[in-house]
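To keep things clear, I will list the structure first and then write my remarks on it.
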Amino acid sequence: MDDLERLADEVRTAETVVAFTGAGISAPSGVPTFRDDDGVWEKFDEGQFTYGRFRSDPEGFWDDRVDLQREMFGDDYEPNAAHRALAEMGLDGDLEAILTQNTDGLHGRAAEAVRDESRRTEEVHDGAESAVEDGDGDGRTNGTDTALLELHGNAQRVRCTDCGKRRTADPIFERAADGALPPTCECGGVFKPDVVLFGEQLPRAVLQRARSLARESDAFLAIGSSLVVEPAASLPRVAASTDATVGIINLEETPCDDVADIVYREDVTEALPRLQDLVAE
Ligand code: APR
């Protein structure tokens with residue numbers, strides 16, 4: 001039995017499974033990571049994208065934000081096999097929540113794609129999304145939705161800083177590419193990328209929900225993250241502190257490897273589809 005099979009056994013018998021993901025899960029989709037050799041922070045500086053600069057130098061901020069958006073999301077990127085494997089686990093009722101640091105929206109797109117495929121292949125039953133009786137006695141219901149918490153927000157949207165109204169980001173970036181600032185909101189407020197900028201706090205409610213999910217989890221999977229950015233990076237320790245089985249799937253070492261029960265050094269597009277198959281057995 002290899003480590004992934006051991007991890008699958010733990011996930012299969014766990015009551016509450018939570019996945020935490022970072023840029024490494026989207027790397028196979030062509031979205032650059034932040035700290036690898038060709039990472040975003042080799043080409044940009046965090047100081048270009050602070051909340052303070054957004055306020056004090058909006059022209060410069062939006063200029064650089066357009067370049068960052070092109071660098072990160074320029075090509076038509078799609079969810080990869082790892083995103084889909086987590087979405088399948090969600091559809092099978094094997095995943096309570098996905099907590100992601102990524103702002104690329106790929107988990108949401110994978111969940112939609114997997115749900116559409118399942119609708120196309122099975123007769124749609126009314127209320128299929130709601131919890132159904134646990135048919136196989138494993139203590140988990142099937143068909144329940146998996147919560148998706150985008151801890152750092154979603155770069156495909158902008159949000160008004162006054163009224164909170166959200167809009168798709170594309171037209172805003174098209175304008176910014178021509179040097180024009182975003183239009184003001186109907187309420188008179190200004191739009192900012194719907195992401196947590198440096199110098200901003202994570203929304204308290206989101207962070208509290210993420211921490212309680214980590215505490216409640218019986219199995220916590222940290223996938224494709226260097227686990228160096230707080231407060232998210234402490235979630236594996238929170239899970240370990242309440243006796244969850246912690247599994248880390250990452251190509252490189254992380255500062256949380258010491259609290260992990262299982263550390264699996266494998267590409268996410270190999271590891272996660274196999275994990276999903278093993279759990280579904
Ligand atoms: N399979 C498995 N692991 C991978 C793969 C892959 N195909 N590709 C990269 N990795 C691993 C790398 O080894 C690295 O440890 O993913 C990790 C990505 O780490 P980071 O680039 O630091 O990304 P992340 O952990 O998500 O960064 C957290 O930092 O700057 C902020 O807001 C930014 O959300 C980001 C946060």
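One-based numbering, in listed order, for ligands and for the atoms of each.
- Scanning the protein heavy atoms around atom 27 (O) of ligand 1, the nearest turns out to be Arg35 NH1, 3.0 Å.
- A donor-acceptor pair shorter than 3.5 Å cannot be found between the side chains of Asp261 and Thr245.
- A cation-pi geometry, defined here as NZ or CZ lying under 6.0 Å from the six-membered ring centre and within 45° of its normal, holds between Arg109 and Tyr77.
- Here's the thing with Glu46: none of its N/O atoms is less than 3.5 angstrom from an N/O atom of ligand 1.
- A continuous path of ILVMFWY side-chain contacts below 4.5 Å connects Met72 to Trp41, so both sit in one hydrophobic cluster.
- Within ligand 1, counting atoms from 1 as listed, the ones closer than 4.0 Å to a heavy atom of Gly24 are 4 (C), 5 (C), 6 (C), 7 (N), 8 (N), 9 (C), 10 (N), 16 (O), 18 (C).
- The shortest non-hydrogen separation linking Arg209 to Ser212 is O-OG, 3.0 Å.
- Every atom of ligand 1 with a heavy atom of Ala23 under 4.0 Å away is listed here by number and element: 23 (O), 24 (P), 26 (O).
- Less than 4.0 angstrom separates some heavy atom of His152 from each of these atoms of ligand 1: 32 (O), 34 (O).
- In this structure, a donor-acceptor pair under 3.5 Å is present between the side chains of His83 and Ser26.
- Contact atoms of ligand 1 toward Trp41: 30 (O) (distance under 4.0 Å to a heavy atom of the residue).
- Nearest protein neighbour of atom 36 (C) of ligand 1, counting heavy atoms only, is Val229 CG2, 3.6 Å.
- At the top of the distance list for atom 1 (N) of ligand 1, counting protein heavy atoms only, stands Val268 N, 3.0 Å.
- Here the protein heavy atom with the shortest distance to atom 15 (O) of ligand 1 is Asn250 ND2, 2.9 Å.
- No continuous path of ILVMFWY side-chain contacts below 4.5 Å connects Val238 to Val229, so the two sit in separate hydrophobic clusters.
- Listed by number with element, the atoms of ligand 1 under 4.0 Å from a non-hydrogen atom of Glu252 are 13 (O), 15 (O).
- A pairwise comparison of heavy atoms in Thr254 and Ser226 identifies CB-O, 3.8 Å as the closest pair.
- For atom 8 (N) of ligand 1, the nearest non-hydrogen atom from the set Ala27, Ala82, Ser225 belongs to Ala27.
- Among all heavy-atom pairs drawn from Lys165 and Cys185, the shortest one is CD-SG, 4.0 Å.
- Closest protein heavy atom to atom 12 (C) of ligand 1: Asp36 OD1, 3.6 Å.
- Of all the heavy atoms of Leu251, the ones lying under 4.0 Å from any atom of ligand 1 are found in both the backbone and the side chain.
- When every heavy atom of Pro203 is checked against every heavy atom of Leu151, the shortest pair comes out as CD-O, 4.4 Å.
- Shown here is Asp76, whose CG atom has no more than 12 heavy atoms of other residues, nucleotides or ligands within 6.0 Å.
- Atom CD of Glu42 has more than 12 neighbouring heavy atoms from other residues, nucleotides or ligands inside a 6.0 Å radius.
- Arg237 has a carboxylate O that lies under 4.0 Å from a charged side-chain N of Asp258, or vice versa, which qualifies the two as a salt bridge.
- Which parts of ligand 1 touch Gly22 is read off a 4.0 Å heavy-atom cut-off, strictly below it: atoms 26 (O).
- Summarising the local packing, CD of Glu230 is surrounded by more than 12 heavy atoms from other residues, nucleotides or ligands at distances under 6.0 Å.
- Backbone and side-chain nitrogen or oxygen atoms of Phe34 are examined, and one is located within less than 3.5 angstrom of a nitrogen or oxygen of ligand 1.
- Taking only nitrogen or oxygen atoms, main chain and side chain alike, Pro28 does not reach within less than 3.5 Å of ligand 1.
- Within the 4.0 Å heavy-atom criterion, neither part of Ala232 lies near ligand 1.
- Set against the non-hydrogen atoms of Glu266, the atoms of ligand 1 under 4.0 Å away are 1 (N), 2 (C).
- Closest to atom 7 (N) of ligand 1 among all protein heavy atoms lies Asp267 OD2, 3.0 Å.
- In this structure, the protein non-hydrogen atom closest to atom 28 (C) of ligand 1 is Gln101 OE1, 3.6 Å.
- When the heavy-atom distances from atom 22 (O) of ligand 1 to Gly224, Ser26, Ser226 are ranked, the shortest goes to Ser226.
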